[in-house]
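Inspection log for the structure reproduced underneath, given as structure tokens.
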2 protein chains.
Amino acid sequence: MGIQERKIRHKEDLRKRILEAAKKLFLTAGYEATSIRKIAKEIEFSPTTIYLYYKDKSDIIYALHQEGFQMMRQSFQPLMQVESPFERLKALGKCYINFAFTHPDFYELMFVMKDPMEYLEISCVETSWEEGERVFDFLLQTVRDCQDKGYFNGLDTKHVAMEAWASVHGMCALYVSGHLKSMMKVVFGDENHERMIEDAFRVLVHYLESTK
Amino acid sequence: MGIQERKIRHKEDLRKRILEAAKKLFLTAGYEATSIRKIAKEIEFSPTTIYLYYKDKSDIIYALHQEGFQMMRQSFQPLMQVESPFERLKALGKCYINFAFTHPDFYELMFVMKDPMEYLEISCVETSWEEGERVFDFLLQTVRDCQDKGYFNGLDTKHVAMEAWASVHGMCALYVSGHLKSMMKVVFGDENHERMIEDAFRVLVHYLESTK
DNA sequence: AAAATTAATGAACAGTGTTAACTTTTTCAA
DNA sequence: TTGAAAAAGTTAACACTGTTCATTAATTTT
């Protein structure tokens with residue numbers, strides 16, 4: 001019986017173990033397959049126990065959502081040291097794409113899926129989106145720094161930042177959803193679609209560079 | 001009893017009626033709420049009857065997916081008449097965004113959701129994506145025409161087209177998923193997010209224009 | 001009219017999120 | 001140490017989901 005053992009094994013921070021089980025299921029089997037009952041089986045508890053630690057499924061999914069943003073911010077850490085604003089902007093874009101490529105499930109959860117967004121629309125109001133805010137603020141500041149160096153002349157900082165985000169997000173979203181792959185299979189006959197993202201990104205960088 | 005009546009009312013093209021019921025549910029209540037049982041109730045038939053006309057739920061969803069692409073291509077029809085390639089490219093972008101704004105559910109189905117994409121990965125192989133192909137081919141040709149007029153010098157047609165698509169898709173995806181709204185609420189304090197898309201699009205057009 | 005084919009259905013399987021009522025375990029004061 | 005209060009966990013159930021199989025009803029053909 002595993003019932004006796006698991007009481008000896010740290011029964012504290014059960015909340016954390018629920019989240020880890022959810023993450024494991026989410027990364028190996030996807031969002032749909034991450035059910036309350038499977039999480040419960042994973043941690044050897046009754047399904048209803050989970051509701052003592054998380055309000056509902058959205059609550060668990062949102063916890064993973066937040067974890068994703070912490071991971072992303074951590075991967076952006078080295079960019080702080082990049083002196084040149086424009087080099088920093090380019091590196092930010094590359095880093096963002098790299099995150100989506102290495103953690104496609106997290107990327108989808110953070111920037112594509114509606115569920116976590118609807119959750120924080122309903123429940124918590126203020127403390128919610130602050131991780132995402134910090135990431136966007138960093139982009140905003142970098143664009144401002146670029147403008148100080150003569151880039152993006154006559155353009156609004158917010159609009160430039162939004163366009164940059166949308167462009168890179170568009171590439172990542174088409175990649176993680178499989179639309180890029182399907183499209184390229186039909187139009188170009190099965191090419192390397194990761195390479196295509198790199199090429200499209202180079203075109204974007206070319207545009208940005210030309211504003212100086 | 002409605003059972004007697006519906007036999008008198010056209011019992012032919014039941015396949016079409018299933019699709020219309022599915023569309024109605026999809027547009028009013030969303031993808032998740034579009035269940036086989038609800039479709040069945042809508043057309044006053046047993047749930048199992050639906051399986052005599054469609055392979056499974058994905059099959060129905062993919063039929064809507066195709067319908068969306070026909071709608072989109074129809075909305076692109078007037079663009080054929082635009083003489084100037086660059087004006088046509090700009091109009092294409094505006095038209096694309098307009099489609100996403102007026103048919104957000106269809107846009108999500110066509111360009112965001114994984115389900116229809118996974119469906120045609122498994123089942124049909126050739127005839128599948130041809131509607132989407134036509135749309136992208138039109139973009140490719142328009143970019144080529146722009147290059148003949150001196151735009152996008154030294155850049156690869158495919159890469160320019162892909163970057164343009166990704167940029168505009170990024171804006172639309174962030175809009176329909178609600179991420180733009182949430183982000184702007186926190187960062188800029190609840191501004192008009194439809195206006196923001198327009199502004200970001202203007203920045204993109206500025207970049208494209210600068211290549212001449 | 002009887003047989004064969006087609007169309008439609010009812011019941012069931014294996015899942016899902018979630019809640020209410022109940023039981024077990026732990027805590028803590030008398 | 002015992003007994004009550006509080007906390008933790010579980011069982012059973014509700015209302016759904018997609019999907020399949022065996023069976024019935026309707027239609028067509030012989």
Side-chain angles (χ1 to χ4, degrees), chain A residues 1-19 21-22 25-26 28-65 109 113-116 118-119 122-123, chain B residues 1-19 21-22 25-26 28-65 109 113-116 118-119 122-123:
Chain A
M1 288 292 147
I3 299 165
Q4 294 300 325
E5 299 170 51
R6 54 102 171 145
K7 281 179 188 168
I8 301 160
R9 299 200 301 261
H10 49 297
K11 72 171 179 184
E12 76 281 10
D13 56 12
L14 185 50
R15 205 181 136 89
K16 202 167 270 178
R17 284 179 56 210
I18 291 170
L19 195 63
L25 279 166
F26 175 73
T28 55
Y31 174 74
E32 289 297 320
T34 308
S35 73
I36 299 286
R37 282 175 175 83
K38 282 182 190 164
I39 295 170
K41 189 162 278 182
E42 184 77 27
I43 59 170
E44 293 173 299
F45 273 86
S46 162
T48 49
T49 303
I50 290 171
Y51 287 89
L52 301 173
Y53 295 87
Y54 288 92
K55 194 180 140 285
D56 52 22
K57 193 185 173 181
S58 297
D59 201 6
I60 302 172
I61 259 50
Y62 181 65
L64 285 179
H65 177 100
L109 189 65
M113 285 175 56
K114 292 173 95 170
D115 306 53
E118 283 164 359
Y119 172 77
I122 298 161
S123 60
Chain B
M1 288 292 145
I3 299 169
Q4 294 301 327
E5 299 170 52
R6 55 104 171 143
K7 281 178 188 169
I8 301 158
R9 298 200 300 261
H10 48 300
K11 72 172 178 182
E12 75 283 10
D13 54 14
L14 187 49
R15 206 181 134 88
K16 202 166 266 177
R17 283 178 58 209
I18 292 169
L19 195 64
L25 279 165
F26 175 73
T28 55
Y31 174 75
E32 290 298 320
T34 307
S35 73
I36 299 285
R37 280 175 175 82
K38 282 182 191 165
I39 295 170
K41 189 164 279 181
E42 185 76 28
I43 59 169
E44 292 174 301
F45 274 86
S46 163
T48 49
T49 303
I50 291 171
Y51 287 89
L52 301 173
Y53 296 87
Y54 287 93
K55 195 181 140 284
D56 52 22
K57 192 185 173 180
S58 298
D59 201 7
I60 302 172
I61 260 49
Y62 181 65
L64 285 178
H65 177 99
L109 190 64
M113 285 175 55
K114 294 172 96 171
D115 305 53
E118 284 164 359
Y119 172 76
I122 298 162
S123 60

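Within every chain, numbering begins at 1; the chains are lettered A, B, ... in the order of the sequence lines, protein sequences first and strands thereafter.
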Note to self: Go through it in stages, so that I can follow the logic: the residues are B:Thr49 and B:Ile18, the test is side chain to side chain contact (heavy atoms under 4.5 Å, CB included), and I'd like the CA-CA distance, side-chain angles, deciding distance and then a yes or no.
What the structure shows: CA-CA 10 Å; B:Thr49 303; B:Ile18 292 169; 5.8 Å; no
Item checked: Interatomic spacing from OH in A:Tyr51 to CG in A:Asp59 - rounded to 0.5 Å -> 10.5 Å
Next item on the list: Report yes if a side-chain nitrogen or oxygen of A:Tyr53 is closer than 4.0 Å to either non-bridging phosphate oxygen (OP1 or OP2) of D:dG9; otherwise report no.
Entry: yes
Margin query: Between A:Tyr54 and A:Leu19, is there a side-chain heavy-atom distance shorter than 4.5 Å?
Written below: yes
Item checked: Lys NZ or Arg CZ of A:Lys57 over A:Tyr31 ring: under 6.0 Å, within 45° -> yes
Checklist line | Closest to side chain of B:Thr49, choosing from C:dT18, D:dG18, C:dT9 | finding: C:dT9
Checklist line | Spacing of B:Leu14 atom CG relative to C:dT6 atom P, expressed in whole Å | finding: 17 Å
Please write out each protein N/O paired with an N/O of nucleotides 11-15 of chain C under 3.5 Å, distance rounded to 0.1 Å.
unit_1 : atom_1 : unit_2  : atom_2 : d
C:dA12 : N6     : B:Arg37 : NH2    : 3.4

Margin query: Please pick, from D:dT19, C:dG17, C:dG10, the nucleotide with the shortest atom-to-atom distance to any side-chain atom of A:Ile36.
Written below: C:dG17
Next item on the list: Could you tell me whether B:Thr34 contacts a base, only the sugar-phosphate backbone, or nothing, with contacts defined as non-hydrogen atoms closer than 4.0 Å?
Entry: sugar-phosphate
Item checked: B:Ile61 vs B:Phe26 side-chain heavy atoms within contact, under 4.5 Å -> no
Check: Tell me: CD1 of B:Ile39 to P of D:dG18, nearest whole Å?
Finding: 8 Å
Next item on the list: Grab the OH-P distance between B:Tyr51 and D:dT19 for me, whole Å please.
Entry: 4 Å
Check: Can you check the B:Phe45 CZ to C:dG10 P distance for me, whole Å?
Finding: 12 Å
Checklist line | Atom pair distance, as rounded to whole Å: CG in A:Asp13 and P in D:dA8 | finding: 14 Å
Notebook entry, point to check: What's the CG-P distance between B:Leu25 and D:dG18, to the nearest Å?
Noted result: 11 Å
Next item on the list: Heavy atoms only: give me the nearest A:Ile43-A:Ala21 pair and the separation to one decimal.
Entry: CG2-CB, 3.7 Å
Next item on the list: Would you mind telling me which residue lines up with the more 5' stretch of DNA chain C, A:Pro47 or B:Pro47, judged by nearest nucleotide?
Entry: B:Pro47
Checklist line | Integer-rounded Å distance: C:dT18 C1' and A:Tyr54 OH | finding: 18 Å
Margin query: If I take atom NZ in residue B:Lys57 and atom P in nucleotide D:dT19, what distance separates them, rounded to the nearest angstrom?
Written below: 8 Å
Check: Taking C-beta and beyond as the side chain, do A:Ile60 and A:Ile50 meet within less than 4.5 Å on heavy atoms?
Finding: yes
